[in-house]
Amino acid sequence: MSRSKAALVGIGELKPTRRTEGESTLGMLARCSALAIADAGLDKDAIDGLLVGPQVGETPQHVPATVSEYLGLAPTMSNLVDLGGASGPGMIWRAAAAIGAGMCETVLCVLGNHRNPEAPRSPNRNPIREFDVPFGASGANVSYALLMQAHMAAYGSRAEDFALVASRARANAQHNPDAIFYGQPASVEDVLASPMIASPLHLFEIVMPVAGAEAVIVTAAKVARERGQKAVHLLGAGEKITHRAVSQAPSLTSGPLKPAMARAFAQSGTAARQMSLLSLYDCYTIMVAATIEDAGLAPPGGFGGFVREQDFGPDGRYPLNTHGGQLGFGQPDLAGGMTHVVEAVRQLRGTAEGRQIRDPKLALVTGNGATMSEAVALVLGADE
Amino acid sequence: MSELSDLKVPGPTTIALTEPFWAAAEEGRLILQHCRSCDRSVFYPREICPHCWSGGLEWREASGQGRLKSFSRIHRPGHPGWAPVAPYVVGLVELAEGPTMLSHILADEPEVGMPLELAPTRIGGRVLPCFRPQFHHQEEKTIMSDTKPKDGWANVTRGKPSVGDTAERSRKTSMDDIHAFTAMTGDRNPVHYDEELAKKTPFGKLVVQGGITTGILNAVVAEDLPGPGTVFLNTNFNFKKAVGIDETIIGRVELTSVRDDKPICQLACTVTNQDGDVCVEGTAVTYTMPLENL
């Protein structure tokens with residue numbers, strides 16, 4: 001596969017749980033990494049690259065060294081990827097770039113978190129803490145509520161269409177026994193009847209925070225071929241950061257994923273409508289709506305028509321978040337963004353038991369961080 | 001229902017750079033950094049201008065005017081200290097100077113796009129720059145509630161105007177204008193009275209108060225277009241060139257939008273002098289009170 005920038009050859013995932021007792025994030029990362037390396041059919045000594053995420057409250061600094069030491073690794077390339085929900089997809093192209101630069105051959109990309117009752121968070125001292133929090137705006141819900149309200153005001157988009165996004169995610173979660181909402185479908189009426197959290201956002205339009213971990217092993221395409229591994233290939237990537245606080249966003253209705261996806265499509269020579277799977281970051285319903293429009297799958301303000309026409313299921317024309325998305329699967333903090341990579345690998349390998357899409361060839365994976373401000377897009381392709 | 005002033009909530013985490021902003025807020029004022037190099041306003045305060053990376057930032061008094069870009073009514077606050085006043089409204093305020101800030105919005109029925117004005121409010125232990133609907137906007141809504149929705153221009157003296165309509169009128173300024181304006185407002189700025197001093201300033205002459213210059217636009221909208229009954233709901237003027245005494249000024253308006261359901265117009269406005277120099281340029285929103293058949 002000449003177009004391949006790198007091969008994704010192993011995945012690991014811990015089943016999400018609402019709470020943990022006495023767990024350490026390091027321990028969860030280790031368990032998940034072991035699953036990924038076993039899935040890749042490799043020995044842990046094959047790993048010579050390590051990408052990890054921030055671990056607030058446990059390891060504030062020197063994260064790669066701490067994780068390496070815990071796992072008994074001695075990587076020749078390591079880094080902290082700090083892009084919020086875009087960290088997972090952001091790791092994949094960084095791994096490919098490091099391999100391409102000759103710095104390493106096989107990279108472990110791992111994210112996870114515990115949810116012990118104490119869950120210490122470090123006290124923030126930044127512009128959001130100083131200029132937003134004092135007015136009563138704490139947390140991501142407010143930011144995405146403001147984005148959603150702006151979309152409704154600009155385009156007259158309807159609460160029912162946003163609710164349908166959540167309902168579709170819950171429907172897909174019924175095919176995934178590991179999903180936190182397995183056994184709990186939700187209709188549009190259920191979503192609209194769930195408590196209003198920050199208008200216009202209802203409870204069921206917001207991800208459920210869970211404990212969990214996700215890992216992906218990335219290696220050079222030729223190494224994967226020599227080993228005869230079933231691989232998924234990185235064909236294109238794009239990234240863009242525009243702001244941090246929602247008040248500083250250049251647009252409230254279109255985000256940095258637009259240029260990030262455009263670059264990923266250009267690098268891979270593909271288009272949104274060619275995708276066999278859409279694995280789109282979905283922290284809130286508005287995020288899916290904005291991404292569908294930014295990808296050009298619907299005109300600006302037109303996501304509602306797309307959602308009504310497509311059922312997002314494994315047998316539909318546009319399967320979208322077949323694992324349930326984070327809205328159905330749960331959001332294991334920063335690992336939530338990696339669930340979209342892991343599911344895309346499963347689908348493109350043809351190993352998504354019980355929810356396998358037909359004829360899997362191409363997948364679009366998106367990651368999003370902060371307030372629709374950190375964006376990574378990947379185009380992945382099946383082995384040919 | 002608790003009061004905002006009683007809340008036990010986190011206040012701003014100030015640093016030396018931002019202290020003037022919060023000190024002004026405590027006095028009920030809003031100040032913004034302005035960049036001397038690229039002439040743009042900056043929010044939140046920074047060490048260098050994010051637009052041009054110049055360090056030449058200075059504090060300026062803000063107009064306190066803005067527009068609601070988006071809002072959310074918070075039912076489940078992210079910080080438990082806010083629970084006693086939930087639900088409450090926060091929103092994004094696009095300030096007249098350009099930047100957007102997040103603020104607490106004192107409005108029962110917020111609407112995206114509504115004009116806002118600064119409303120300093122004590123939250124917990126501090127006075128914060130909150131916002132509320134502009135007075136005229138509230139007034140307009142009251143008027144609306146007893147007006148028939150069908151024809152917004154019924155009983156308006158001159159009837160409904162059209163987009164693209166223009167009107168202008170001119171007058172000559174005089175020292176009497178300056179005295180009359182001082183009598184009205186108490187504005188005795190030396191640049192209007194002390195000719196020796198004024199000549200040494202970049203004006204190079206005695207100038208009339210800005211209100212005299214823009215005042216001609218009050219006459220144009222009330223007398224000519226849209227005509228009798230018209231009041232301003234919003235104005236946004238840039239003063240480009242000072243007007244002196246015994247100068248002929250021409251106020252001109254052009255309608256850029258006219259609503260069907262309400263007697264509301266948006267206008268582009270200019271005031272030019274006898275040499276054709278633009279002295280004031282800006283936009284306005286008018287409401288034309290129906291005066292017929294009262």
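The sequence lines fix the lettering, A, B, ..., with proteins before strands; numbering per chain opens at 1.
The two residues B:Gly11 and A:Pro134 make their nearest non-hydrogen contact at C-CG, 3.7 Å. Smallest separation of non-hydrogen atoms from B:Val90 and A:Leu146: O-CD2, 4.0 Å.
Checking side-chain atoms of B:Tyr88 against main-chain N and O of A:Gly136 turns up a donor-acceptor pair under 3.5 Å. Although no hydrogens or angles enter the test, the distance criterion places a donor-acceptor pair under 3.5 Å between the side chain of B:Ser70 and the main chain of A:Ala150. In this structure, the side chain of A:Ser247 does not engage the main chain of B:Met101 through any donor-acceptor pair within 3.5 Å.
Heavy atoms of A:Asp132 lying under 4.5 Å from chain B belong to its backbone as well as its side chain. Using a 4.5 Å cut-off between heavy atoms, B:Pro129 contacts chain A through both its backbone and its side chain. At a 4.5 Å heavy-atom cutoff, B:Arg126 makes no contact with chain A through either its backbone or its side chain. At a 4.5 Å heavy-atom cutoff, the contact between A:Leu252 and chain B is made by side-chain atoms alone.
The neighbour count for A:Arg263 CZ, taken as heavy atoms of other residues, nucleotides or ligands under 6.0 Å away, does not exceed 12. A:Glu21 CD: 12 or fewer foreign heavy atoms inside a 6.0 Å radius. Few gaps surround CZ on B:Arg67; more than 12 heavy atoms of other groups in view lie less than 6.0 Å from it. Atom CD of B:Glu58 has more than 12 heavy atoms from other residues, nucleotides or ligands within 6.0 Å.
Between the CD atom of A:Gln149 and the NZ atom of B:Lys69 there is a distance of 14.0 Å, given to the nearest 0.5 Å. The structure places CG of A:Leu203 at 6.5 Å from CZ of B:Arg76, a figure rounded to the nearest 0.5 Å. B:Thr13 contributes atom OG1, which lies 7.0 Å from atom CG of A:Asn126 (distance to the nearest 0.5 angstrom).
Your options are B:Ile74, B:Val89, B:Leu92, B:Ile15, and the one with the most heavy-atom pairs under 4.5 Å with chain A is B:Leu92. Chosen from B:Val112, B:Ile123, B:Thr100, the residue pairing most often with chain A at heavy-atom distances under 4.5 Å is B:Thr100.
Between A:Arg129 and B:Pro10 there is a side-chain heavy-atom pair separated by less than 4.5 Å. With contacts defined as side-chain heavy-atom distances shorter than 4.5 Å, the pair B:Ser72/A:Tyr144 does not qualify. A:Val133 has its side chain out of reach of B:His79: every pair of non-hydrogen atoms, C-beta onward, lies at least 4.5 Å apart.
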Begin with the C-alpha distance, continue with both residues' side-chain angles, and end with the deciding distance and a verdict on side-chain contact (heavy atoms from CB on, under 4.5 Å) for A:Ile197 and B:His75. CA-CA 5 Å; A:Ile197 302 299; B:His75 294 259; 5.9 Å; no
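A perpendicular orientation is assigned to the rings of B:Phe21 and A:Phe131, their planes being inclined by more than 60° (bins at 30° and 60°).
Between A:Glu130 and B:Thr14, the side chains place no donor N or O within less than 3.5 Å of an acceptor N or O (distance only, hydrogens not considered).
Separation of the B:Trp82 and A:Phe135 ring centroids does not fall under the 6.0 Å cut-off.
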